[in-house]
Amino acid sequence: MKIRSVDIYILDIPTVRPHQLAMHTIVEQSIVVARVTEEAGLEGWAEVATIGGASYGEGTPEAIKANIDQYITPHLIGKNPKHFSKIMFEVSSAVRGNHFAKAVVEAAMIDLAAKGKEVPAYELLGGKIHDSLPLAWTLASGDTGKDIEEAKEFLQQKRHKIFKLKIGKGDPYKNVDHVLKIIAAVGDQVRVTVDVNQAWDETTANYCIEALQEGGVSMVEQPLPTWNYEGMARLTERFKVPIMADESANSVHEVYQIAKHRSGNCIALKPCKHGGLLETKKVAAIAEGAGFGLYGGTMIESSLGTAVCASVYATIPAFEFGTELFGPMLFKDQITVNEVKFENYEIVIPDGPGFGMEIDIDKVKHYSRNC
């Protein structure tokens, strides 16, 4: 089995409703899809998602594709995908950074290698621990009444009993009041967390987190900008409510420093920001060694990318804060024939060969910028 070709597609897929973050509101989600094909024609597929072009991070879809085409693909052609760990070591030695690009290429090789062995991808990542994982939902309409009704509806449907609120955009104090009203309405039945997406300074964070802690919030995600490790450490020391590092917790080196200096006490995992599934396992191990809780984060992936994330999360022992792999529910359409299953407040880990998803190539071409 040798890799014959690597094809990269940028897709833009509309969402069912606006999804509001501090730096961007998603109405159409951009994803990057990789297809790695071996000489006999067997294909491995994977996906990473991006948010708002350059507004969230350095991994823009255009840069991901360009860097894979120009700098990463030459390291894959002619190689056996079952040696994905060795190949990615060689890629990382030759290409600095580019975590999103490395993540999607590595995952496509893992999908291909697992299909070649006719086993689920998680078997190549240490084996499955979980058949399903708790699933959070983000209440991001910005309207208190709508968010309360949505929470009640999803709770009744047994879709979610963990809810996250994006509160980085607008007046921080009004946003805190918004959260507290939602907790008052449904907090006795659910767990409520908040995500600030780096939007506060330390003075604002001190006031707002105190109010949120008293109101019953169960976790505060990335309240300060990524560079402010010392501020995150001060907040972590001051408050009992867990302080989660997300945008600041990318490479294994960054996560080690966060753990060493206690710049937070829990970590949001995302394979794309760590640089792949193997690196995600390393980050999880650092967090476990430091006694940090874990959260299975999302970049709002479609069904394919969600299956990729779920496959590696299934091999990690504990997720104290659950996962956020709701992406497929937010898309108006999917690029896979089959769907990721959600039931009893949890995401079910796909069990088919590779990541367990069958690609609808017509949908890939329909939404692709370059087909």
Flag yes if more than 12 heavy atoms outside [X] fall under 6.0 Å of its [atom1] atom; otherwise flag no.
X    : atom1 : answer
Q157 : CD    : yes
Y173 : OH    : yes
K161 : NZ    : no
K181 : NZ    : no
Q189 : CD    : yes
Y256 : OH    : no

Without hydrogens or angle criteria, can the side chains of [X] and [Y] be said to hold a donor-acceptor pair below 3.5 Å?
X    : Y    : result
E301 : T306 : no
Q257 : H261 : yes
K281 : T315 : yes
D147 : T144 : no
E247 : N197 : yes
E47  : S302 : yes

One thing to verify: whether [Y] and [X] come together as a salt bridge, which I'm taking to mean a side-chain N less than 4.0 angstrom from a carboxylate O.
X    : Y    : answer
K158 : E343 : no
K164 : E221 : yes
E279 : K282 : yes
K79  : E90  : yes
E324 : K270 : no

Check [X] against [Y] and note the closest heavy-atom contact, atom names and distance.
X    : Y    : result
L133 : A314 : CD1-N, 4.3 Å
A205 : W200 : CA-CE3, 3.7 Å
G276 : A103 : N-CB, 3.5 Å
P81  : I3   : CD-CG1, 4.0 Å

Check against side-chain hydrogen bond (donor to acceptor under 3.5 Å, both in side chains), E339 and T336
CA-CA 7 Å; E339 298 181 353; T336 57; over 6 Å; no

If you measure from [atom1] on [X] to [atom2] on [Y], what distance do you get to the nearest 0.5 Å?
X    : Y    : atom1 : atom2 : answer
T236 : F292 : OG1   : CZ    : 7.5 Å
I167 : D195 : CD1   : CG    : 8.5 Å
M244 : C266 : CE    : SG    : 4.0 Å
L277 : S85  : CG    : OG    : 11.5 Å
L269 : T298 : CG    : OG1   : 12.0 Å
I31  : I300 : CD1   : CD1   : 12.0 Å

Run the salt bridge (charged side-chain N to carboxylate O under 4.0 Å, His left out) check on E202 and R234 step by step: do they pass?
CA-CA 9 Å; E202 195 170 344; R234 287 189 288 268; 2.7 Å; yes

Going only through I, L, V, M, F, W and Y residues with side-chain contacts under 4.5 Å, is there a path from [X] to [Y]?
X    : Y    : result
L135 : M219 : no
V196 : L235 : yes
I51  : L11  : yes
M109 : L42  : yes
V241 : Y207 : no

Heavy-atom distance under 4.5 Å between the side chains of [X] and [Y], does that happen here?
X    : Y    : answer
S92  : K102 : yes
N206 : E210 : no
L76  : I72  : yes
T50  : T60  : no
N344 : E346 : no
P61  : R369 : yes
L325 : Y313 : yes
V340 : V348 : no

Pick out which of F342, F326, Y345, F163 makes a ring-ring contact (aromatic ring centres under 6.0 Å, His included) with W137.
F326

Criterion side-chain hydrogen bond (donor to acceptor under 3.5 Å, both in side chains) on D351 and Y122, from CA distance to verdict:
CA-CA 9 Å; D351 277 325; Y122 56 68; 2.5 Å; yes

How are the rings of H130 and F319 set relative to one another: parallel (under 30°), tilted (30 to 60°) or perpendicular (over 60°)?
perpendicular

Assess the residue pair M299 and F100 against the criterion (side chain to side chain contact (heavy atoms under 4.5 Å, CB included)); give the C-alpha distance rounded to whole Å, side-chain angles, the decisive distance to 0.1 Å, and a yes or no.
CA-CA 11 Å; M299 286 291 288; F100 283 61; 3.9 Å; yes

Before you tell me yes or no, could you show the steps for E358 and N338 under side chain to side chain contact (heavy atoms under 4.5 Å, CB included), namely the whole-Å CA-CA distance, both residues' side-chain angles and the distance that decides it to 0.1 Å?
CA-CA 6 Å; E358 181 183 350; N338 55 332; 3.8 Å; yes

Under the side-chain hydrogen bond (donor to acceptor under 3.5 Å, both in side chains) criterion, do D333 and Y367 qualify, and how do the steps go?
CA-CA 10 Å; D333 203 357; Y367 289 108; 2.7 Å; yes

Scan for salt bridge (Lys or Arg N to Asp or Glu O under 4.0 Å) pairs involving residues 25-35, sequence neighbours excluded, and state none if there are none.
D7-R35, R35-E43

Can you check side chain to side chain contact (heavy atoms under 4.5 Å, CB included) on L330 and V16, steps first, answer last?
CA-CA 6 Å; L330 199 59; V16 295; 4.1 Å; yes

Please report the C-alpha distance between W45 and I361 in whole Å, then the side-chain angles of each, then the deciding distance to 0.1 Å, and finally whether the side chain to side chain contact (heavy atoms under 4.5 Å, CB included) criterion is met.
CA-CA 11 Å; W45 289 82; I361 190 63; 3.7 Å; yes

Walk me through whether T138 and K166 qualify under side-chain hydrogen bond (donor to acceptor under 3.5 Å, both in side chains).
CA-CA 7 Å; T138 298; K166 297 282 189 178; 5.5 Å; no

Go through the steps to decide whether E123 and K128 satisfy the test salt bridge (charged side-chain N to carboxylate O under 4.0 Å, His left out), and finish with yes or no.
CA-CA 7 Å; E123 295 291 354; K128 182 174 66 169; over 6 Å; no

